[in-house]
There are 2 protein chains.
Amino acid sequence: MTERKLEILTIAQGLFMTKGYPATSVRDIAKAAGVEAASLYSHINGKEELLDRTCFDLAEKFQDGIAEVNDIYFDAAQKLKMAIDTHVHILTNNIEAAVVFQRDWRHLNDHRRNDFIQLRNKYEDGFRVIVQNGIDEGLFSEVDVKFAALTILSSLNWIVEWYDPKGKLSASQIAENLFNFTFTGLRK
Amino acid sequence: MTERKLEILTIAQGLFMTKGYPATSVRDIAKAAGVEAASLYSHINGKEELLDRTCFDLAEKFQDGIAEVNDIYFDAAQKLKMAIDTHVHILTNNIEAAVVFQRDWRHLNDHRRNDFIQLRNKYEDGFRVIVQNGIDEGLFSEVDVKFAALTILSSLNWIVEWYDPKGKLSASQIAENLFNFTFTGLRK
DNA sequence: AAGTTTGCCTAACGAATGTTAGTTATGACA
DNA sequence: TGTCATAACTAACATTCGTTAGGCAAACTT
């Protein structure tokens, strides 16, 4: 990917984040890039390529993250802490792409959308494995594994709705809070 | 609202849910309603009215729900349980509207979007009050109130991403699981 | 029975959409 | 100096967008 193409991708992600993919026109992107709409086609194949790269580049980062965590020999609580930390850092380090990733993957074409969903399921499986490990190790109470993994991921993913890079909480602090909340709950 | 108008609104919500608001055309809605696009304008003022009603009708239900919970004299744990139960039932009973409510409120016009955000903040405040009560009553550990309320709502709201009316978990069961998870956490 | 309302129709509007074709200026390399 | 690649341009395309105007038939009201 050339430097200019990456630049355009980044600009597009910023617009997709604030306006949403379908509501962002190629002309919007061109304008933000200081260029005519047609000129973009020297760099990209079409609007959808920008969405595609956004979704799949981030998906790859998530895959790598969870694979790394599940490869090491720690107990489930430590693994969960690491997985949460990794997830939060990926989200906050790529907040614009992350919003698009969460919200606009539906607008991929049928084929790519299927690929995407498959990756997503695989990732969720990684979290299920951790929860199951925790139960087997006697560290976690015997919850519904699928439901628990989903709920943990809910809390993590909602970050993109409120995260502010200039806010008072750093990514690491957010991750720590989330782990504590997930592990311990509200009860005193 | 006439019966036909409500019918059109419901049809629109179904389309908004699957395609998203900006990607759903007036002609799509008309086709699903078995009518020409122009005919819709005998019933509605414009496309945006459909989004507006969807967002604010549901917002009202949420307001009523949290107000009711905070009006009664139970301890914070019971209140939280009720608030979660109410929230989950509103979401699952209006799943199509709920998806639109969560995802597409951004496409309201500036004025209405501000109104919407205000309602949303007010609702979140309701949850913060419950968490604060719990801490004051010595039932909850001394967490960051704002963060905790946000995290609870994250788990609740993500439901719309996976809830299946024909799935094995009923709304009440989902609510119970979520309360247990929130209150107790994973730790054995 | 006469008048009015309702719910739809066809036709068309101007604007915006994603994309293509063909051209031109610039700068690197032989 | 001549050749080629790059990155931009203008112009235009077919299509779709939300919406309006005006008409017509059936159904309800008086």
Side-chain angles (χ1 to χ4, degrees), chain A residues 1-56 97 100 103-113 116, chain B residues 1-56 97 100 103-113 116:
Chain A
M1 185 150 57
T2 65
E3 197 180 334
R4 184 62 172 145
K5 184 167 181 176
L6 185 63
E7 209 171 66
I8 289 167
L9 179 59
T10 306
I11 288 168
Q13 287 169 347
L15 291 169
F16 292 163
M17 164 161 137
T18 47
K19 311 183 60 166
Y21 175 75
T24 303
S25 74
V26 172
R27 282 168 180 82
D28 289 336
I29 301 167
K31 194 170 184 182
V35 123
E36 290 298 318
S39 306
L40 293 180
Y41 287 80
S42 303
H43 303 277
I44 62 171
N45 297 325
K47 186 187 174 187
E48 197 183 324
E49 188 192 348
L50 296 167
L51 176 62
D52 195 283
R53 285 208 96 101
T54 302
C55 292
F56 283 90
V100 181
R103 195 214 288 139
D104 286 325
W105 59 269
R106 288 159 235 273
H107 300 104
L108 292 167
N109 66 53
D110 292 351
H111 174 56
R112 294 295 275 168
R113 189 170 52 245
F116 183 86
Chain B
M1 185 149 57
T2 65
E3 197 180 333
R4 184 62 172 144
K5 185 168 180 176
L6 184 64
E7 210 171 65
I8 289 167
L9 179 59
T10 306
I11 288 168
Q13 287 169 346
L15 290 170
F16 292 164
M17 164 161 140
T18 46
K19 310 182 59 165
Y21 175 76
T24 303
S25 74
V26 172
R27 284 169 179 82
D28 289 336
I29 302 168
K31 194 170 185 181
V35 123
E36 290 298 317
S39 305
L40 292 180
Y41 287 80
S42 305
H43 303 278
I44 61 171
N45 296 326
K47 185 187 175 187
E48 197 184 323
E49 188 192 348
L50 295 168
L51 176 63
D52 196 282
R53 287 208 95 103
T54 302
C55 292
F56 284 91
V100 180
R103 194 214 290 139
D104 287 325
W105 60 269
R106 288 160 235 273
H107 300 104
L108 292 166
N109 65 53
D110 292 350
H111 173 55
R112 295 294 275 169
R113 188 169 52 245
F116 183 87

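Here is how names work: the chains are called A, B, and so on, in the same order as the sequence lines, proteins then strands, and each is numbered from 1.
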Could you tell me the separation between the [atom1] atom of [X] and the [atom2] atom of [N], rounded to a whole number of Å?
{"X": "B:Glu3", "N": "C:dG7", "atom1": "CD", "atom2": "P", "result": "10 Å"}
{"X": "A:Lys5", "N": "D:dA7", "atom1": "NZ", "atom2": "P", "result": "11 Å"}
{"X": "A:Met1", "N": "D:dA7", "atom1": "CE", "atom2": "P", "result": "14 Å"}
{"X": "B:Leu15", "N": "D:dC17", "atom1": "CG", "atom2": "P", "result": "12 Å"}
{"X": "A:Lys31", "N": "D:dA8", "atom1": "NZ", "atom2": "P", "result": "18 Å"}

Pairs: protein N or O with nucleotides 25-28 of chain C N or O, under 3.5 Å:
none

| message | If you compare every side-chain N and O of B:Arg4 against the phosphate oxygens of C:dT6 (OP1, OP2), does one of them come in below 4.0 Å? | response |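 No.
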Practice problem: Tell me whether the OP1 or OP2 atom of D:dT6 has a side-chain N or O from A:His43 closer than 4.0 Å. | Solution: no
Check against side chain to side chain contact (heavy atoms under 4.5 Å, CB included), B:Leu50 and B:Tyr21: CA-CA 10 Å; B:Leu50 295 168; B:Tyr21 175 76; 5.7 Å; no
What do the steps show when you test B:Val35 against B:His43 for side chain to side chain contact (heavy atoms under 4.5 Å, CB included), and what is the final call?
CA-CA 12 Å; B:Val35 123; B:His43 303 278; over 6 Å; no
- Item | Nucleotide nearest B:Glu36 when distance is taken to its side chain, options C:dT10, C:dC8, D:dA8 |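 Looking only at side-chain atoms, B:Glu36 lies closest to C:dT10.
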Minimum heavy-atom distance [X]-[Y], with the two atoms named:
{"X": "A:Thr24", "Y": "A:Leu15", "value": "OG1-O, 3.5 Å"}
{"X": "B:Ala37", "Y": "B:Arg27", "value": "CB-CG, 3.6 Å"}
{"X": "A:Arg113", "Y": "A:Arg106", "value": "NH1-O, 3.0 Å"}

field: Inter-residue atom distance B:Asp104.CG - B:Met17.CE, 0.5 Å rounding
entry: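 If we round to the nearest 0.5 Å, B:Asp104:CG and B:Met17:CE are 12.0 Å apart.
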| With sequence neighbours left out, what residues match A:Arg112 under salt bridge (Lys or Arg N to Asp or Glu O under 4.0 Å)? |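 Counting only residues at least two positions away or on another chain, A:Arg112 forms a salt bridge (Lys or Arg N to Asp or Glu O under 4.0 Å) with A:Asp52, A:Asp115.
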Taking only N/O atoms, report every protein-nucleotides 16-19 of chain C pair under 3.5 Å with atom names and distance.
| residue | atom | partner | partner atom | Å |
| --- | --- | --- | --- | --- |
| C:dG18 | OP1 | A:Lys47 | NZ | 3.0 |
| C:dG18 | OP2 | A:Val26 | N | 2.8 |
| C:dG18 | N7 | A:Arg27 | NH1 | 2.8 |
| C:dG18 | O6 | A:Arg27 | NH2 | 3.0 |
| C:dT19 | OP2 | A:Tyr41 | OH | 2.4 |
| C:dT19 | OP2 | A:Lys47 | N | 2.9 |
| C:dT19 | O5' | A:Tyr41 | OH | 3.2 |

- Query: So A:Phe116 and A:Trp105, would you call those rings parallel, tilted or perpendicular, with 30° and 60° as cut-offs?
  - Reply: parallel
Exercise for review: Step by step, work out the side chain to side chain contact (heavy atoms under 4.5 Å, CB included) result for A:Phe56 and A:Leu108.
Suggested key: CA-CA 11 Å; A:Phe56 283 90; A:Leu108 292 167; 3.9 Å; yes
